[in-house]
**Student:** 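Take this structure first; my questions come after.
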Amino acid sequence: MSMPITSLPPHHRVSPPSPTTYISANKDRYFSNHPTILLINRSSNSKQLKQIHAQMLRNGLFYDPFSASTLVSAFALSSVQDIDYAHKLFDQIPQPNTYTWNTLIRAYSSSQTPIQSLLIFTQMIYQCNEVLPNKFTFPFVIKAAAELLDRRVGEVVHGMVVKMSLGSDVFVLNSLIHFYESCGCLDSAYKVFLNIPVRDVVSWNSMITGFAQGDSPDEALKLFHEMQREGFRPDEVTMMSVLTACTKKLDLEVGRWVHSNIEKNGIRGSLNLNNALVDMYVKCGSVEDAQKLFDKMPEKDIVSWTTMLVGYARSGHYVTARRHFESMPSQDIAAWNALISACEQSGNAKEALAIFNELQVSNKAAPDGVTLVSTLSACAQVGAMDMGGWIHVYIKKHKIKLTCHLITSLIDMYSKCGDLNKALEVFNSSDDKDVFVWSAMIAGFAMHGHGRDAIGLFKKMQESNIKPNGVTFTNLLCACSHTGLLQDGRDFFKKMEPVYGITPGVKHYACMVDMLGRAGHLEEAISLIKSMPMPPLASVYGALLGACKLHGNVEVAEQASARLLELEPWNHGAYVLLSNIYAKSGKWDKVANLRKQMKDVGLKKEPGCSSVEVNGTVHEFVVGDNTHAQSKLIYGKLNEVFEKLKSNGYEPNRSQVLQCVEEEDMQEQALHLHSEKLAIAFGLISLTKSQPIRVMKNLRVCRDCHNVAKMISEVYDREILLRDRYRFHHFKAGDCSCKDYW
DNA sequence: ATAGGGTTAG
């Protein structure tokens, strides 16, 4: 063997050196036993293949279509995977046959650039006097169209299939089913499926998979039964798709049945199938079953370990999850992601941020888009904007792909941390916005009380032909509610079903009840609740109760809280609201009674907790907190603040102190100790005047704190942003962005 | 000589 060819001349077709040397096409098979061909088939490295190429050029074997094709396919499809080289080779072949074309189209269809498949296919058709596509060509081309999610291309190819009389080839039709499913056209896929003259297992599997992965797990299960009725034996892939359906349905019983069905059918419990089973048990809520299977799996891979980790983490077994994580053979980024997202989703955002930091310091894996989505969401929860901004920079620096998911998270983080302008900047700079991106921005406007902007954005969204979903409407109605845009809200709600095809859910009703109640239309709110087609959730009564407090309606409040406590006996918010309503109307006996009830049930008022971020560190304060290192300074500042405010006419508003403190000065003290006041005081001493004080609170802000914040913003000339459980308050020059409508 | 279907983290 001699010099390898490392570079080939520019793409152009060369003619064979001497036509007499070659054997005609019908004797192609002669070469399949040629030593060089055998060598190609045994060769698995690129250098060796290139040497063979050189030899074939010299001895002329390259100009035999069969031999050249074998070489192309070795480069394109074997472990060598050098498609570029294969393509260059292809361009050198004088008369590629259909097999050669197919090889290249096939290689590209599962490459990073499936579009190349389509381009080569087009070339192939334009030279139709030489060769024609055959039944092998189409599955590759259709696969490329599926990869590209190009519905139009696929439909055109489908047309060609029919014209070329391949419309009943089961391989081609199975690919078409898969294609239509990846483009989200389950109906078309099903039509193809129904029209297959003789189906095979793959036809059934493809269709079951389509239903399972789409939003029709019930259809998938139905088809699974039908398949068995028609005498087909399910295989491993069938069972995996059926498990996907169970997982979607969150139906443990059906899942267990499938598990036994697998054993009954004698399907080999492969690694993949076992992984799918573990995943089903985890998602359907039985970590015990998942663990039982995991423990006896003969072979485990990183997916098995990660799935089990997710199981522990989601079920709240954090210590077990951590131990499992430590004992994993290797911790890839997916494992870290599972840990981070589990913390973030179970409301333990601080822990999620700690783990992210640990990942950064350990340098064991590189954060990817998924990591950042979870971490940003944790930042949003605790209001850690410095950290969130740092991640934004990280994304740019490491050129992490800005998916819609990531953009949504960034918008959400900036909005929830109080920087609506940054959120808008991200929104405006993204050129490919999906429904979630739009919805997140609408939510941003909503929580900052920019109702008109939210409505304006909703209109723009429609001009961009993005269809709103249920979440979009929740955010939109929420925006109307916060800004008191009663009529707009009513209109949107009315149009949801007939115009946008979205059935109002409990959340939408809760928004409407809140909107109507807040605006004083209690009767309308009550009759809306009565008209609900589904049982109202606690949030609906919670909204009504809030409205009662605002408008001092004791009778309705009693009914609403009774219903609320039926649903959620542990809901302290209900007790506190009702107690405040009683207190406001002077019904002290009822207040005392309620307090006793709370004690009997063993409920304590959820402690108020506020945090403020200073130079990247989030400082947390609970009511009457004295654990902070600068506690003395903070209380000193607080006293100074009250002196100053009093000389400016401040009077404490005690209406919302839970009446467990009878003495007046004690009440005043309790008021002064509210966590948001501590956080604001800390902000005053540790931030410069140009930095807004951003406070995040777990409960609703009380009247008095709201009032104090307004005054501080004027007297100290500071900007204060306060996020409570419900919305943002933006205090500036003595006013609040909520215009006291909250 | 060539083909189609499936599992983890948001």
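What you see is a predicted model, and the numbers here were worked out from it, not measured in a lab. Just so it is clear: chains get the letters A, B, ... in the order the sequence lines come, proteins before strands, and each one is counted from 1. The figures here come from the full heavy-atom set of this structure, side chains too, leaving out hydrogens, waters and symmetry mates.
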**Student:** Just how far, in rounded Å, is P of dA3(B) from CZ of F140(A)?
**Tutor:**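 Roughly 6 Å, once rounded to whole Å.
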**Student:** Got a salt bridge between E226(A) and K222(A), using NZ or NE/NH1/NH2 to carboxylate O under 4.0 Å?
**Tutor:**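 Looking at E226(A) and K222(A), the cut-off is not met.
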**Student:** Could you give all pairs that pass the side chain to side chain donor-acceptor pair (under 3.5 Å) test and reach residues 339-351 of chain A, with sequence neighbours left out?
**Tutor:**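 Every side chain to side chain donor-acceptor pair (under 3.5 Å) pair that includes a residue of residues 339-351 of chain A, provided the two are not neighbours, is Y318(A)-E351(A), E344(A)-S377(A), E344(A)-Q381(A), K350(A)-E620(A).
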**Student:** Could you identify which residues of residues 221-240 of chain A place a heavy atom less than 4.0 Å from some atom of DNA chain B, listed by residue number, or say none?
**Tutor:**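 Close to the strand are D235(A), E236(A), V237(A), M240(A).
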**Student:** Can you identify which nucleotide, out of dG6(B), dA3(B), dG10(B), has its nearest atom closest to the N272(A) side chain?
**Tutor:**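 Given the options dG6(B), dA3(B), dG10(B), the side chain of N272(A) is closest to dG6(B).
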**Student:** Is N134(A) touching bases, backbone alone, or none of the nucleic acid, heavy atoms closer than 4.0 Å?
**Tutor:**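 Since a base atom lies under 4.0 Å of N134(A), the category is base.
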**Student:** Could you state the atom-to-atom distance from CD of E299(A) to C1' of dT7(B) in whole Å?
**Tutor:**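 That distance rounds to 13 Å.
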**Student:** Check whether F171(A) forms a cation-pi arrangement with K135(A) (NZ or CZ under 6.0 Å from the six-membered ring centre, at most 45° off the ring normal).
**Tutor:**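 Relative to the ring axis of F171(A), which defines the angle, K135(A) lies outside at least one limit.
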**Student:** Atom CE of M328(A) and atom P of dT8(B): how far apart are they, to the nearest Å?
**Tutor:**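 Roughly 15 Å, once rounded to whole Å.
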**Student:** Students often get this wrong, so: under 4.0 angstrom with heavy atoms, is V202(A) touching a base, only sugar-phosphate, or nothing?
**Tutor:**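 Counting heavy atoms under 4.0 Å across all strands, the contact made by V202(A) includes a base.
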**Student:** Can you see if the side chain of Q213(A) gets near the phosphate of dT7(B) - specifically, an N or O under 4.0 Å from OP1 or OP2?
**Tutor:**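 Yes, such a contact exists.
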**Student:** Below 4.0 angstrom from OP1 or OP2 of dA9(B), is there any side-chain N or O of T306(A)?
**Tutor:**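 Indeed not, no polar side-chain atom of T306(A) lies that close.
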**Student:** With the six-membered base ring of dA3(B) as reference, does the ring of F136(A) sit under 5.5 Å away with planes under 30° apart?
**Tutor:**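 Not stacked: fails the 5.5 Å / 30° test.
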**Student:** What is the distance from CD1 of I120(A) to P of dT2(B), rounded to the nearest Å?
**Tutor:**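 Distance, rounded to whole Å: 20 Å.
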**Student:** Taking atom C1' of dG10(B) as reference, at what distance in whole Å does atom CG of L406(A) sit?
**Tutor:**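 Distance check: L406(A) CG to dG10(B) C1' gives 10 Å.
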**Student:** To the nearest Å, give me how far apart CZ (F436(A)) and P (dG10(B)) are.
**Tutor:**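 So the two atoms are 14 Å apart, to the nearest Å.
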**Student:** Quick check on dT2(B): is either OP1 or OP2 less than 4.0 Å from any side-chain nitrogen or oxygen of K143(A)?
**Tutor:**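 Indeed not, no polar side-chain atom of K143(A) lies that close.
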**Student:** How many Å lie between CZ on F75(A) and P on dT2(B), as a whole number?
**Tutor:**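 To the nearest whole Å, that distance equals 21 Å.
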**Student:** Is the shortest distance from a Lys or Arg side-chain nitrogen in E288(A) or K292(A) to a carboxylate oxygen in the other one below 4.0 Å?
**Tutor:**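 Looking at E288(A) and K292(A), the cut-off is not met.
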**Student:** Counting the atoms with a prime plus P, OP1 and OP2 as sugar-phosphate, which does R314(A) contact under 4.0 Å by heavy atoms, base, sugar-phosphate, or nothing?
**Tutor:**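 Sugar-phosphate only.
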**Student:** Atom CG of L277(A) to atom P of dT8(B): distance rounded to whole Å?
**Tutor:**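 After rounding, the gap between these two atoms is 12 Å.
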**Student:** Do H158(A) and F138(A) have their ring centres less than 6.0 Å from each other?
**Tutor:**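 No: the rings miss the under 6.0 Å criterion.
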**Student:** Scan residues 229-251 of chain A for pairs that pass ring pair (Phe, Tyr, Trp, His ring centres under 6.0 Å), counting only residues two or more places apart or in two chains.
**Tutor:**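 Every ring pair (Phe, Tyr, Trp, His ring centres under 6.0 Å) pair that includes a residue of residues 229-251 of chain A, provided the two are not neighbours, is W204(A)-F232(A).
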**Student:** Between H225(A) and W257(A), is the ring centroid distance below 6.0 Å?
**Tutor:**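 When the ring centroids of H225(A) and W257(A) are compared, they turn out to be within the sub-6.0 Å range.
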**Student:** May I ask you to establish whether K143(A) and F179(A) are in a cation-pi arrangement, using a distance under 6.0 Å from NZ or CZ to the six-membered ring centre and at most 45° from the ring axis?
**Tutor:**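 Checked: cation-pi criterion not met.
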**Student:** Heavy atoms under 4.0 Å, any strand shown: does K283(A) hit a base, just sugar-phosphate, or nothing?
**Tutor:**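 Sugar-phosphate contact only - K283(A) comes under 4.0 Å of backbone atoms but never of a base.
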**Student:** Contact class for T103(A) vs. all strands (heavy atom < 4.0 Å): base, sugar-phosphate, or nothing?
**Tutor:**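 Nothing: the residue T103(A), judged by heavy atoms under 4.0 Å, touches no strand.
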**Student:** With heavy atoms under 4.0 Å as the rule, sort D332(A) into base, sugar-phosphate or nothing.
**Tutor:**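 D332(A): no heavy atom of the nucleic acid under 4.0 Å.
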**Student:** From the options dA9(B), dT2(B), dT8(B), select the nucleotide whose nearest atom is closest to the side chain of T307(A).
**Tutor:**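 Among the listed nucleotides, the one closest to the side chain of T307(A) is dT8(B).
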**Student:** Indicate, with a heavy-atom threshold strictly under 4.0 Å, whether H178(A) touches base, sugar-phosphate, or nothing.
**Tutor:**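 Touches sugar-phosphate only.
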